[in-house]
Amino acid sequence: MNKYLELAKVGTSYANHMNRLSNRVFGEVTRNTNSKSMKVVKLFSEKPVNRRADIVRYYPRHIETDLLMKHLRNYGLFRDEHLDFKEEYERLRELRGKKKWIPPPFRNKKQEKKSQASK
């Protein structure tokens, strides 16, 4: 191994050619480059953003956060202004005598005909 390292440092054309070939095989930069070019090489050698598991599989904990905020609101430690507004609007509607309209339950006509036919 030591002899190989010494041969790699020798400036012959064969040694230079073997160094380039070695760098190519192992995915390294084949020739000496400046720092700007190395930055580009580094960017292209990284995984794409859409392939990185830490970015793709990240999700905020919406459900747990929502439950926590509801509990804090019940204790009086959190103000949800939108929900406060909706509750106040419903309270004022009830005071005026206008209850919220709830649609009738969905009825399936085929099931109604079968139940009437079986009677």
Side-chain angles (χ1 to χ4, degrees):
M1 186 72 173
N2 198 12
K3 285 185 178 183
Y4 175 76
L5 292 174
E6 288 176 17
L7 285 173
K9 292 178 184 175
V10 175
T12 64
S13 63
Y14 178 75
N16 290 337
H17 184 71
M18 286 297 117
N19 280 335
R20 284 191 213 119
L21 183 62
S22 170
N23 289 341
R24 230 188 214 172
V25 168
F26 295 112
E28 299 170 4
V29 179
T30 54
R31 297 173 190 255
N32 293 336
T33 57
N34 60 5
S35 61
K36 282 187 178 181
S37 298
M38 285 305 291
K39 185 176 179 183
V40 173
V41 169
K42 184 180 175 189
L43 286 173
F44 279 115
S45 67
E46 292 177 356
K47 271 188 173 179
V49 176
N50 62 340
R51 298 273 187 200
R52 289 175 45 193
D54 57 331
I55 292 177
V56 172
R57 293 190 181 152
Y58 171 78
Y59 67 96
R61 297 183 161 271
H62 291 299
I63 297 168
E64 292 86 351
T65 307
D66 184 47
L67 286 172
L68 175 68
M69 291 302 158
K70 283 181 183 176
H71 286 300
L72 290 175
R73 184 172 183 267
N74 289 339
Y75 292 137
L77 299 173
F78 175 72
R79 264 319 281 189
D80 188 353
E81 293 180 2
H82 181 64
L83 206 53
D84 291 345
F85 175 78
K86 284 168 49 175
E87 287 175 355
E88 181 65 17
Y89 192 76
E90 282 298 316
R91 188 182 72 81
L92 293 173
R93 279 183 63 88
E94 285 181 19
L95 286 175
R96 286 182 284 158
K98 297 183 175 187
K99 288 200 170 191
K100 186 175 181 179
W101 180 77
I102 300 172
F106 177 72
R107 293 186 179 177
N108 194 344
K109 292 180 181 179
K110 290 181 182 178
Q111 287 180 349
E112 283 183 19
K113 288 180 183 178
K114 285 182 183 178
S115 64
Q116 289 176 356
S118 63
K119 287 183 182 179

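It should be emphasised that the depicted structure is a prediction, and the values quoted were computed from it without experimental measurement. Numbers here simply count residues along the sequence, with the first being 1.
Rounding to the nearest 0.5 Å gives a distance of 9.0 Å between CG of Asp54 and NZ of Lys47. Between atom CE of residue Met69 and atom CG of residue Leu77 there is a gap of 10.5 Å, rounded to the nearest 0.5 Å. Distance check, rounded to the nearest 0.5 Å: CD of Glu90 to CZ of Phe85 gives 10.5 Å. If you take CD on Glu87 and NE2 on His82, they are separated by 10.5 Å, rounding to the nearest 0.5 Å. Note that the CZ atom of Arg20 and the CZ atom of Arg24 stand 9.5 Å from one another [nearest 0.5 Å]. Here Asp80 contributes atom CG and Leu72 contributes atom CG; the two are 11.5 Å apart, rounded to the nearest 0.5 Å.
For the pair Lys70 and Leu83, the minimum side-chain heavy-atom distance is 4.5 Å or more. Using a 4.5 Å heavy-atom threshold, the side chains of Ser37 and Val40 count as separate.
Residues that satisfy the side chain to side chain contact (heavy atoms under 4.5 Å, CB included) test with Pro105, not counting sequence neighbours, are absent from this structure. In this structure, the side chain to side chain contact (heavy atoms under 4.5 Å, CB included) partners of Glu88, at least two apart in sequence or on a different chain, are Arg91, Leu92. Remark: Glu28 pairs with Asn23, Phe26 by the side chain to side chain contact (heavy atoms under 4.5 Å, CB included) rule, at least two apart or across chains.
Around atom CZ of Arg96, more than 12 heavy atoms belonging to other residues, nucleotides or ligands sit under 6.0 Å away.
Closest approach of Arg93 to Lys99, counting heavy atoms only: NH2-O, 3.6 Å.
Between the side chain of Ser22 and the backbone N or O of Met18, no donor-acceptor pair lies under 3.5 Å.
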